[in-house]
Structures are given as structure tokens and as C-alpha cells.
Amino acid sequence: MRLAWVMKTSNYRVIPLRTEVAEAARRAATSGAPDHAVVIPDSPQGYPCRHCLRWAQPGERVILFPFAAIPPGRPYAEIGPIFVHAEPCERYTATQEFPADFREARVFRAYNSKQDMIDAAAVNGRQPEAVIEKLLQNPEIAFVDVRSITRGCYTFRIERI
Ligand SMILES: [Zn+2]
């Protein structure tokens, strides 16, 4: 008789910034676009790369540019500043796991399939997985945007599978 193990799998996945967006930002910075700045991190936890979902480290270079997490044309449209590594980095692949570097100081904004914000929560000492699980109990919620709790900057998206 074979034993069947039931794995507990999450009902969501982590969506890092698309590689095409990171590459376009690197090209724009190289060509001197005024809204793309090359920045050298001066602290180990102030410059999150949205592509590899790690903190960029002092000595590395990042590109600062505006990103439309919710595109124009919607009531909750939102464009804000984000960083990506200036050098090519590997897109975050552990999409079943909440990124280890961003377990704290995040706020979760929950949206329906029409990209309207219908709920929000902060980590506040809880496990981020528990906060996400609670938000996704509402079947109306299609995705959750994870942002900095202090500066409000978009970090990554959690999408219901
Ligand atoms: Zn990176």
C-alpha cells in the first residue's frame, strides 16, 4: 500500500516584478531618462529590489523609477517609486514562499478583480502568511499588493491561485 501525503500548499503565489519591466528600467537609466535615477544604497535595509526580492546592499547600484502597480484608467490607479538592481539579477523564484527579506514593516492592500481596493491590513507582529490567509478568506479578493508600511512603496504582489 502506498502512503499518500497531503501537502499543505498555499492558495496564493508571490509575483515579483516582471523581468521585462526591470530590463526596460535598466535601458532607460542607461539612456539617461530623467525619471530613472541610479542610486547607491547607503544602508542594508532601505533599498528593496522588486525583481529578485532582496535588499540591495551598499556597494551595489539600484535604479529608482516610477512603476504603475495599478495602471492609469482605474479609480485606484497608483504610480510610485520602486528600485531594481542596476545589474541583471535573478527574478525571485520561490513563489510559494513569502520573501524572507520582507516579513516585517509591510502593509497589505487587497483588491478585487476590477482592481478596486476593498480591504487592507498591516503585519503588526503577526506572521505575514496569517494576514494573507485571512484576507483571502474573502472570495472577492483577487490579489494583494505588499507595500512598505512607512513610505508606502510597492514591494510585490500576492495573487490568488
Ligand atoms: Zn535584484
Side-chain angles (χ1 to χ4, degrees), residues 9-72 74 76-111 115 117 120-133 135-136 141-161:
T9 53
S10 56
N11 61 342
Y12 60 84
R13 65 179 164 213
V14 171
I15 312 289
L17 190 72
R18 288 188 297 120
T19 300
E20 304 87 84
V21 177
E23 286 175 348
R26 291 171 186 138
R27 281 196 302 274
T30 302
S31 68
D35 60 350
H36 284 60
V38 176
V39 177
I40 298 174
D42 57 6
S43 74
Q45 292 196 347
Y47 302 82
C49 175
R50 275 59 166 198
H51 187 245
C52 61
L53 296 184
R54 289 189 303 110
W55 294 111
Q57 295 303 301
E60 297 181 320
R61 294 184 313 144
V62 291
I63 295 162
L64 174 64
F65 67 102
F67 174 69
I70 305 294
R74 307 289 322 161
Y76 285 91
E78 193 150 19
I79 296 178
I82 63 170
F83 298 110
V84 291
H85 276 112
E87 270 64 55
C89 58
E90 190 190 340
R91 192 178 189 226
Y92 183 79
T93 55
T95 56
Q96 297 287 312
E97 294 164 34
F98 196 90
D101 279 9
F102 307 116
R103 297 187 64 82
E104 287 170 25
R106 299 296 121 182
V107 68
F108 299 75
R109 296 187 188 167
Y111 296 82
Q115 300 184 312
M117 196 193 304
V123 170
N124 259 344
R126 290 179 290 173
Q127 296 290 316
E129 291 86 353
V131 180
I132 293 164
E133 206 173 303
L135 286 169
L136 291 182
I141 290 173
F143 64 94
V144 175
D145 279 357
V146 179
R147 289 175 170 263
S148 159
I149 204 166
T150 48
R151 301 205 182 196
C153 303
Y154 174 85
T155 316
F156 58 91
R157 179 162 291 176
I158 298 280
E159 206 171 73
R160 186 194 291 279
I161 295 175

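All heavy atoms count here, side chains included; hydrogens, waters and symmetry mates do not. One-based numbering, in listed order, for ligands and for the atoms of each.
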Listed partners of Gln45 passing side chain to side chain donor-acceptor pair (under 3.5 Å), at least two apart
none
Sequence neighbours excluded, which residues qualify as side chain to side chain donor-acceptor pair (under 3.5 Å) partners of Glu87?
Arg61
Carboxylate-amine/guanidinium proximity below 4.0 Å for Arg103 and Glu129
yes
What orientation do Tyr76 and Tyr111 show, parallel under 30°, tilted 30 to 60°, or perpendicular over 60°?
perpendicular
Quick check: does any side chain N or O of Arg157 sit under 3.5 Å from a backbone N or O of Phe143, one acting as donor and the other as acceptor?
no
Can you count the protein N/O/S atoms lying under 2.8 Å from the Zn ion (ligand 1), leaving waters out?
4
Counting only pairs under 3.5 Å, give me each side-chain donor-acceptor contact of residues 31-38, with atom names and distances, residues two or more places apart or in other chains.
from: Ser31; atom 1: OG; to: Arg27; atom 2: O; distance (Å): 3.4
from: Ser31; atom 1: OG; to: Ala28; atom 2: O; distance (Å): 3.0

